[in-house]
Amino acid sequence: MPKISEEVYHIPGQDEFIPDSHTYVLGKPSSQNLSLIDPGLTGKGGYKIESIQKEGLELSSIKRVIMTHTHLDHIGCFSEILKQLPWAELWVHRSEADLLEQGDERGVYGMDMFRGFCQGQFGLKPGAFKFQVNRKLQGGETLEFGDATWEVIHIPGHSIGSIGLYHRSMKILIPGDVVYADYAIGRYDLHGADAAGLKESLMRLAELEVDILLPGHNQIVKGLPKNYILKTAKQWESYLTGC
Ligand SMILES: [Zn+2]
Ligand SMILES: [Zn+2]
């Protein structure tokens, strides 16, 4: 489990026929106040927990799970994680938190065809993703935990309640599935997605100084080129405004 800094750990996703999101653990271990970002795909909870333990982090110091968004490849193993960390709170942007609390799983599966496929593949029953959310985020919050400060930025478009987490002094951005390495962006055809909103969100992120990009999938980037997010947004602009 690579350590990005004193207060950021990266557990790479283990993709199968469906991608498994990367998981990040934020906070200095000595603080005993860690946050786990995006558990990952259904079935991957054991692997993620093992990786945390191998790093020598105490499970009891993980106080909460924060979702960048609630697609299956990010929240699929939340209940597996919760069995190991029954005390952990769940923090989600309010627009996706409401869906989870109502048991409306459209935001988890994204499309009907995918729902049928995944329920069959993983033996998931309807209602498997009905959860109470302990803290509903709206964007604009400054979260202080684990001896670090993270800003919450609402960046809808890939999903309605996507958030980014930004560590201003270390210039670290965790954008979920909004922007990836290699000038790639998240898809914008699933439930709650919005191409124009995604463009606006990219432009918002483009204003930040980012040195380390820790996306939900694929490569993580240290030493991000200047204006990388702006260039990415420009590259996709005609697709995002043309539909
Ligand atoms: Zn996603
Ligand atoms: Zn994803």
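Both counts, for ligands and for their atoms, begin at 1 and track the order of listing.
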- Message: For the Zn ion (ligand 2), give me the closest N/O/S atom belonging to Asp177, just the atom name.
- Response: OD2
- Query: With under 30° as parallel and over 60° as perpendicular, where do the rings of Phe17 and Phe117 fit, or are they tilted in between?
  - Reply: perpendicular
- Query: Would His22 and His74 count as a close aromatic pair, with their ring centres under 6.0 Å?
  - Reply: no
- Message: Taking the basic N atoms (NZ, or NE/NH1/NH2) and the acidic carboxylate oxygens, is any pair closer than 4.0 Å for Arg168 and Glu151?
- Response: yes
- Once rounded to 10 degrees, what value does the angle at the Zn ion (ligand 2) take between NE2 (His217) and NE2 (His74)? 110°
- Looking at the rings of Phe131 and Phe78, which for Trp means the six-membered one, are their centres under 6.0 Å apart? yes
- Contact check: His71 to the Zn ion (ligand 1), N/O/S below 2.8 Å: yes
- N/O/S atom of Asp73 inside 2.8 Å of the Zn ion (ligand 1), strictly under: no
- Item | Presence of salt bridge, Lys44 and Glu80, under 4.0 angstrom | no
- Query: So, His69 and the Zn ion (ligand 2): N/O/S under 2.8 Å, yes or no?
  - Reply: no
